[in-house]
**Student:** 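My structure is below; once you've seen it, I'll send some questions.
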Amino acid sequence: MFKETDKQFAFETDVLEAGAYTRYPVTNPEAMPIYMTTAFNVEDLDDLEQRYVEKGFCYNRNRNANRSALAELVTKMEGGEDAIICSSGMGAIYNSILATVKAGDHIIADQTLYGETVEIFTDIMANYGVETTSVDCTNLEEVKKAIKPNTKLIYGETIGNPMMTVIDIEALAHIAHNNHAKLIIDNTFMTAVGYQPLKHGADAVVISLTKFANGHSDAVCGALISNKKFIAKAYKYQVLVGSQADPFTSWLVARGLRTVYLRVTKQMENAQKLAELLESSPHVEKVNYPGLPSHAQYEVACREFKHGFGGMISIILPEDRTKMNAFMRKLNLAHYAMTLGGYRTTLSYPVLSSHYDMPEEERQKIGITHGMMRISVGIENTDDLLEDFKQALTVYDEK
């Protein structure tokens with residue numbers, strides 16, 4: 001706060017001071033304000049030291065009220081003790097790995113992960129003396145065989161992108177902890193509405209808040225949630241590398257999260273019915289969705305997911321690019337977008353998006369074919385959505 005004074009200043013000085021702070025009470029607003037400031041003022045050195053003691057706000061890269069409020073929200077949702085909010089889901093993933101391993105350590109990563117997550121292991125961590133073994137984490141025996149004396153981390157996704165595989169998180173946690181390693185789970189696809197990995201043995205959870213959590217396709221953000229000790233270490237790295245989210249983005253995501261239960265519940269309901277429709281179509285060669293009895297991990301999914309099987313589906317269509325293009329153009333509601341988890345249904349093509357940089361041989365190995373289309377299901381009227389896909393698939397009847 002500027003000092004009260006009767007001294008007169010020049011015009012260019014006055015426009016810096018006047019209105020810098022409100023003179024009226026602003027306590028207890030109904031909605032969280034946006035603290036778009038790089039710094040917070042203090043009166044003197046004693047005030048500064050007290051701010052440190054209270055873990056108050058001084059400089060935006062270290063702490064910001066909007067980021068702290070969002071951290072409190074996601075911590076509560078995921079059932080953790082503390083969290084950091086990052087500039088993207090990738091920032092959260094990278095911070096989680098930095099806080100877990102060092103040179104000479106070994107990581108076991110699921111073979112079915114978001115493509116750029118794989119690149120962190122292969123293109124970054126490998127350069128700093130950290131070895132990664134990629135295995136099928138749905139096969140627990142394969143995971144056990146991959147364990148080494150220096151294994152410090154097992155990394156997986158609640159539902160694998162884009163194959164929609166489901167891992168047994170409690171069993172993987174048991175394997176990790178018996179070998180003095182941590183289990184980190186990316187819970188982006190399910191969110192805490194569908195599953196809370198920390199309550200089932202995971203040591204840390206990462207989320208791309210950009211996706212289902214925010215749900216409005218207007219903010220890029222991520223979160224890492226764990227116990228206080230782990231988050232304190234991750235926070236130190238975050239401050240140094242500068243991967244924190246900005247105030248406005250944090251505010252947007254917190255606002256989006258207020259409706260996450262309503263949105264994700266509806267998305268899961270729509271996804272279940274759409275998956276059943278697609279599986280019945282003669283034009284769809286395969287549907288990957290954990291809520292279908294035909295899914296390889298259906299029993300595991302039923303045990304883990306009590307409220308629905310997520311809002312993500314992937315399908316295999318005939319590898320006819322002309323027909324795939326016609327199918328996409330004939331859809332009225334679903335449209336292509338390089339993201340997922342928004343309130344509208346969107347499509348993506350993993351070969352040219354999420355797994356574009358993955359070698360063809362590796363893509364084929366895990367089942368990402370040139371006929372695969374990934375569907376992020378929205379909150380549209382269910383009948384409208386089903387009818388739209390049904391009519392679009394008729395392009396395969398045309399000669």
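Side-chain atoms are counted along with the backbone in the values below, which use heavy atoms only and exclude waters and symmetry mates. Everything quoted here is computed from the prediction, not taken from an experiment.
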**Student:** Given side chains that start at C-beta, do those of Arg263 and Val193 come closer than 4.5 Å, heavy atoms only?
**Tutor:**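 The answer is no, as the side chains (C-beta and beyond) never meet within the 4.5 Å cut-off.
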**Student:** Would you say the side-chain atoms of Asn95 and Ser243 include a donor-acceptor pair closer than 3.5 Å?
**Tutor:** yes
**Student:** Does some side-chain heavy atom of Met90 sit less than 4.5 Å from a side-chain heavy atom of Ile93?
**Tutor:**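 They are in side-chain contact.
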**Student:** Look at the aromatic rings of Phe309 and Phe305 and report parallel, tilted or perpendicular, splitting at 30° and 60°.
**Tutor:**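 It falls in the perpendicular class, over 60°.
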**Student:** I'd like to know if the side chain of Thr112 pairs up with that of Asp110 as donor and acceptor (distance under 3.5 Å, no hydrogens or angles considered).
**Tutor:**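 On atom types as modelled, these side chains do not qualify, holding no pair under 3.5 Å.
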**Student:** Rounded to the nearest 0.5 Å, how far does CG of Leu209 lie from CG of Leu257?
**Tutor:**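 Between atom CG of Leu257 and atom CG of Leu209 there are 6.0 Å.
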**Student:** Take the angle between the ring planes of Phe40 and Phe57 and call it parallel below 30°, perpendicular above 60°, tilted in between.
**Tutor:** tilted
**Student:** What's the spacing between Ile107 CD1 and Ile184 CD1 if we round to 0.5 Å?
**Tutor:** 8.5 Å
**Student:** Would you check if His200 and Glu304 make a side-chain contact, meaning some heavy-atom pair closer than 4.5 Å?
**Tutor:** no
**Student:** For Val130, which of Leu153, Ile97, Val101 qualifies under side chain to side chain contact (heavy atoms under 4.5 Å, CB included)?
**Tutor:** Val101
**Student:** Using a strict threshold of under 4.0 Å (side-chain N to carboxylate O), is an ion pair present between Lys273 and Glu276?
**Tutor:**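 Salt bridge flag = no for Lys273 with Glu276.
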**Student:** Applying a strict under-4.5 Å side-chain criterion to I, L, V, M, F, W and Y, I'd like to know whether Trp251 and Ile85 cluster together.
**Tutor:** no
**Student:** For the residue pair Tyr261 and Thr265, what are the closest heavy atoms and their distance?
**Tutor:**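 Smallest heavy-atom distance, with atoms named: O-OG1, 2.7 Å.
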**Student:** Judged by atom type as modelled, is there a donor-acceptor pair below 3.5 Å linking the side chain of Arg255 to the main-chain atoms of Met32?
**Tutor:** no
**Student:** Can a donor-acceptor pair be found, under 3.5 Å and without considering hydrogens, that links the side chain of Asp388 to the backbone of Leu331?
**Tutor:** no
**Student:** Are Arg374 and Ser348 linked by a side-chain donor-acceptor pair shorter than 3.5 Å?
**Tutor:**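 Yes - a donor-acceptor pair under 3.5 Å links their side chains.
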**Student:** Within the 4.5 Å heavy-atom criterion, are Leu393 and Leu278 side-chain neighbours or not?
**Tutor:**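 Heavy-atom side-chain distance check passes, below 4.5 Å.
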**Student:** Do any N or O atoms from the side chain of Lys55 and from the backbone of Tyr52 form a donor-acceptor pair under 3.5 angstrom?
**Tutor:** no
**Student:** Salt bridge between Glu387 and Lys390, side-chain N to carboxylate O under 4.0 Å?
**Tutor:**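 So Glu387 pairs with Lys390 through a salt bridge.
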**Student:** Does Met338 belong to the same Ile/Leu/Val/Met/Phe/Trp/Tyr cluster as Ile313, with side-chain heavy atoms less than 4.5 Å apart forming each link?
**Tutor:** yes
**Student:** So Phe212 and Ser376, do their side chains get closer than 4.5 Å, heavy atoms only?
**Tutor:** yes
**Student:** Just verifying a value: how many Å separate Arg329 CZ and Met324 CE, rounded to the nearest 0.5 Å?
**Tutor:**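 If we round to the nearest 0.5 Å, Arg329:CZ and Met324:CE are 12.0 Å apart.
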**Student:** Nearest 0.5 angstrom please: Ile124 CD1 to Glu116 CD, how far?
**Tutor:** 10.0 Å
**Student:** Hey, could you give me the CD1/OG1 distance between Ile379 and Thr259, rounded to the nearest 0.5 Å?
**Tutor:** 8.0 Å
**Student:** Can you tell me how far CG of Asp384 sits from CZ of Phe389, rounded to the nearest 0.5 angstrom?
**Tutor:** 12.5 Å
**Student:** Establish whether Met163 and Leu140 are linked, either directly or via other cluster members, by ILVMFWY side-chain heavy-atom contacts under 4.5 Å.
**Tutor:** yes
**Student:** Hey, mind stepping through Glu12 and Leu16 against side-chain contact (heavy atoms from CB on, under 4.5 Å) and telling me if it holds?
**Tutor:** CA-CA 7 Å; Glu12 62 264 39; Leu16 302 179; over 6 Å; no
**Student:** Salt-bridge test for Glu131 and Lys148: reply yes if a basic N is under 4.0 Å from a carboxylate O, no otherwise.
**Tutor:** yes
**Student:** Got more than 12 heavy atoms from elsewhere within 6.0 Å of OH, Tyr336?
**Tutor:** yes
**Student:** Under 4.5 Å between any side-chain heavy atoms of Leu70 and Val74, yes or no?
**Tutor:** yes
**Student:** With a sphere of 6.0 Å drawn around CD of Glu49, does it hold more than 12 non-hydrogen atoms of other residues, nucleotides or ligands?
**Tutor:** no
**Student:** On a heavy-atom basis, which atom in Ile207 and which in Ala92 lie closest, and how many Å separate them?
**Tutor:** O-CB, 4.5 Å
**Student:** Would you sort out whether Val166 and His295 count as a side-chain contact (heavy atoms from CB on, under 4.5 Å), showing the intermediate values?
**Tutor:** CA-CA 9 Å; Val166 180; His295 190 279; 4.0 Å; yes
**Student:** For Leu240, look at atom CG and say whether over 12 heavy atoms of other residues, nucleotides or ligands are found less than 6.0 Å away.
**Tutor:** yes
**Student:** Going only through I, L, V, M, F, W and Y residues with side-chain contacts under 4.5 Å, is there a path from Val118 to Leu352?
**Tutor:** yes
**Student:** Determine whether a donor-acceptor pair (N or O, by modelled atom type, separation under 3.5 Å) exists between the side chain of Gln196 and the backbone of Met77.
**Tutor:**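 Indeed, once roles are kept as given, a pair shorter than 3.5 Å links the two residues.
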**Student:** Say whether Tyr128 and Tyr237 are linked into one hydrophobic cluster, either directly or through other cluster members, by side-chain heavy-atom distances under 4.5 angstrom.
**Tutor:**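 As far as the 4.5 Å side-chain criterion goes, Tyr237 and Tyr128 are connected within one cluster.
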**Student:** Treating Glu157 as the side-chain partner and Thr165 as the backbone partner, does any N or O pair qualify as donor plus acceptor under 3.5 Å?
**Tutor:**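 Side chain of Glu157 to backbone of Thr165, a donor-acceptor pair under 3.5 Å: no, none is there.
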**Student:** Could you go step by step and tell me if Glu398 and Lys323 meet the side-chain contact (heavy atoms from CB on, under 4.5 Å) rule?
**Tutor:** CA-CA 9 Å; Glu398 301 168 4; Lys323 289 289 188 182; 3.9 Å; yes
**Student:** If you measure only the distance, is there a donor-acceptor pair under 3.5 Å linking the side chains of Lys266 and Thr382?
**Tutor:** yes
**Student:** Is the backbone of Val300 close enough, under 3.5 Å, to the side chain of Asp168 for a donor and an acceptor to pair up by distance?
**Tutor:**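 No.
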**Student:** For the backbone of Asp82 and the side chain of Ser226, can you confirm whether one donor and one acceptor N or O come within less than 3.5 Å of each other?
**Tutor:** no
**Student:** Taking Thr210 for the side chain and Cys221 for the main chain, is one N or O donor matched with an acceptor at less than 3.5 Å?
**Tutor:** yes
**Student:** What pair of heavy atoms forms the shortest contact from Asn187 to Pro197, and how long is it?
**Tutor:**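 Answer, listing the atom of Asn187 first, then Pro197: ND2-CD, 3.5 Å.
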**Student:** Other residues, nucleotides and ligands only: do more than 12 of their heavy atoms fall within 6.0 Å of CD on Glu299?
**Tutor:**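 Incorrect, the count does not exceed 12.
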**Student:** May I ask you to test the Ile159-Tyr195 pair for a side-chain heavy-atom distance under 4.5 Å?
**Tutor:**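 They are not in side-chain contact.
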**Student:** Specify the closest pair of heavy atoms between Leu274 and Leu385, including all atoms of both residues, with the distance to one decimal.
**Tutor:**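 In this case the closest contact between Leu274 and Leu385 is CD2-CD2, 4.5 Å.
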**Student:** Work out which heavy atom in Pro162 is nearest to a heavy atom in Ile368; give both atom names and the distance.
**Tutor:**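 Heavy atoms only, the tightest pair is CD-CD1, 3.6 Å.
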**Student:** Which donor-acceptor pairs under 3.5 Å do the side chains of residues 283-292 make with protein atoms, sequence neighbours left out?
**Tutor:**
unit_1 : atom_1 : unit_2 : atom_2 : d
His283 : NE2    : Asp397 : OD1    : 3.0
Asn288 : ND2    : Ser314 : OG     : 2.9
Tyr289 : OH     : Gly310 : O      : 2.7

**Student:** Checking the side chain of Gln267 only, and the main-chain atoms of Val377 only, is there a donor and an acceptor separated by less than 3.5 Å?
**Tutor:**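 Such a contact is found between Gln267 side chain and Val377 backbone.
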**Student:** If you look at every heavy atom in Asp105 and Lys152, which pair is closest and at what distance?
**Tutor:** CG-CG, 3.3 Å
**Student:** With distance as the sole test, does Asn179 use its side chain to make a donor-acceptor pair with the main-chain N or O of Ala181 at under 3.5 Å?
**Tutor:** no
**Student:** With a 4.5 Å heavy-atom cut-off, do Arg363 and Val351 have their side chains touching?
**Tutor:**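 Side-chain contact under 4.5 Å: yes.
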**Student:** What's the verdict on ring-ring contact (aromatic ring centres under 6.0 Å, His included) for Tyr155 and Phe121, showing C-alpha distance, side-chain angles and the deciding distance?
**Tutor:** CA-CA 10 Å; Tyr155 186 97; Phe121 297 127; 5.5 Å; yes
